[in-house]
Asks: 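Shown below is the structure under consideration.
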Amino acid sequence: SPWSVSSAAFAEQMRFLADHVRLVSLDELRAWLDGEAKLADGAIAVTFDDGLQSVYQYALPCLQRYGIPSATFVIEEAAVRGKTWYGAPALGQDELCAMARSGVVIGSHGRSHVSLGDRRLTVGQLRSEIGGSKAALEHLLGIQIDYFAYPYGTGRDLSPQVLEVAQAAGYQLALTSIHGRVD
């Protein structure tokens, strides 16, 4: 993919994080946001968007080696239909199930990775992209999907209607790509 780094560089980055930063799971982050837990300043949650096979192939062994909690957000259509994303193969059912068994949180990244900020999308299309992807992944994998990463995740993609649809779908936490401190 255009964003890939070498596996050696990735391993070095993950080793550095494991040695120097408090790494947290999305469950820990959610508990903190709900006021049920404390997090150290500068804590980091490691996530991967798009659900590419490289996460299984290269990242998972490294994450396991360093005991790093992580989450992978999957484009449902790519996972179900075996599509590629920017020419890179998507994770399939067997890989996703193996990752979930190893402790990686699997979340939805939408049905087709459409920008939810597209004002031409109807409420029905938003429900399909957000809630439909959750239901399809739950059916495919036999696990509960609690987390969502907004495709593109910009401020433009977070209208009140989009937020309402995500909440109604039953997600416990949804993530953006907006840079900044979470508080």
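The structure displayed is predicted, hence computed values, not measured ones.
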Asks: Could you tell me whether the side chain of Tyr171 reaches within less than 4.5 Å of the side chain of Ile145, counting heavy atoms only?
Replies: yes

Asks: Nearest 0.5 Å, please: how far is CD1 in Ile68 from CG in Leu60?
Replies: 11.0 Å

Asks: For Glu164, is the CD atom crowded, meaning more than 12 foreign heavy atoms sit under 6.0 Å from it?
Replies: no

Asks: Contact between Val74 and Ile106 at the side-chain level, heavy atoms closer than 4.5 Å - yes or no?
Replies: yes

Asks: Decide side chain to side chain contact (heavy atoms under 4.5 Å, CB included) for Val162 and Asp157; before the verdict, give the C-alpha distance in whole Å, the side-chain angles of both, and the deciding distance to 0.1 Å.
Replies: CA-CA 7 Å; Val162 167; Asp157 297 302; over 6 Å; no

Asks: Keeping to residues at least two apart or across chains, list the side-chain hydrogen bond (donor to acceptor under 3.5 Å, both in side chains) pairs with something in residues 121-137.
Replies: Ser108-Ser133, Arg111-Ser128, Ser112-Glu129, Thr122-Gln125, Lys134-Glu138

Asks: Which residues pass the side chain to side chain donor-acceptor pair (under 3.5 Å) test with Asp34, not counting sequence neighbours?
Replies: none

Asks: Please find out if less than 6.0 Å separates the ring center of Tyr150 from that of Tyr152.
Replies: no

Asks: Quick one: pull up CG in Leu23 and CD in Glu28 and give me the separation to the nearest 0.5 Å.
Replies: 9.5 Å

Asks: For the side chain of Arg81 and the backbone of Ala79, is there at least one donor-acceptor N/O pair under 3.5 Å apart?
Replies: no

Asks: Could you go step by step and tell me if Leu29 and Leu173 meet the side chain to side chain contact (heavy atoms under 4.5 Å, CB included) rule?
Replies: CA-CA 9 Å; Leu29 179 60; Leu173 182 69; 4.1 Å; yes

Asks: Which heavy-atom pair separates Ala166 from Ile130 by the least distance, and what is that distance?
Replies: CA-CG2, 3.6 Å

Asks: State yes or no: do Ile178 and Ile44 share one hydrophobic cluster built from I, L, V, M, F, W and Y residues joined by side-chain heavy-atom distances below 4.5 Å, directly or via other members?
Replies: yes

Asks: Of all heavy-atom pairs between Phe48 and Ser70, which one has the smallest distance, and what is that distance?
Replies: CE1-CB, 4.2 Å

Asks: What distance do Asp49 atom CG and Leu175 atom CG have between them, rounded to the nearest 0.5 Å?
Replies: 8.5 Å

Asks: Do you reckon Val123 sits in the same ILVMFWY cluster as Leu116, going by side-chain contacts under 4.5 Å, direct or chained?
Replies: no

Asks: Do you know which two heavy atoms are closest between Ala59 and Phe10, and how far apart they sit?
Replies: CA-CE2, 3.6 Å

Asks: Counting distance only, does the side-chain N/O of His139 pair as donor-acceptor with the main-chain N or O of Ala135 below 3.5 Å?
Replies: no

Asks: Mind running side chain to side chain contact (heavy atoms under 4.5 Å, CB included) on Thr176 and Thr154 for me, showing each step along the way?
Replies: CA-CA 6 Å; Thr176 71; Thr154 67; over 6 Å; no

Asks: Please say whether more than 12 non-hydrogen atoms of neighbouring residues, nucleotides or ligands are located less than 6.0 Å from CD in Gln64.
Replies: yes

Asks: Linking I/L/V/M/F/W/Y whenever their side-chain heavy atoms sit closer than 4.5 Å, directly or via other members, would Leu96 and Ile143 fall into one cluster?
Replies: yes

Asks: With Thr47, which residues qualify under side chain to side chain donor-acceptor pair (under 3.5 Å), at least two apart?
Replies: none

Asks: Side-chain heavy atoms nearer than 4.5 Å, only ILVMFWY residues, links allowed to pass through others: does that put Val46 and Phe16 together?
Replies: no

Asks: Within this structure, what is the CG-CD distance for the pair Asp27 and Gln172, rounded to the nearest 0.5 Å?
Replies: 9.5 Å

Asks: Using modelled atom types and a 3.5 Å cut-off, is there a donor and acceptor pairing between side-chain atoms of His109 and backbone atoms of Ala149?
Replies: yes

Asks: Check whether any side-chain N or O of Asp50 sits under 3.5 Å from a backbone N or O of Leu52 as a donor-acceptor pair, and report yes or no.
Replies: no

Asks: What distance do Leu91 atom CG and Met99 atom CE have between them, rounded to the nearest 0.5 Å?
Replies: 5.5 Å

Asks: If I take atom CD from residue Gln53 and atom OH from residue Tyr58, how far apart are they, to the nearest 0.5 angstrom?
Replies: 10.0 Å

Asks: Would you say the side-chain atoms of Gln93 pair up with the backbone N or O of Leu140, donor to acceptor, closer than 3.5 Å?
Replies: yes

Asks: Between Asp118 and Ser115, is there a side-chain donor-acceptor contact under 3.5 Å, judged purely by atom types and distance?
Replies: no

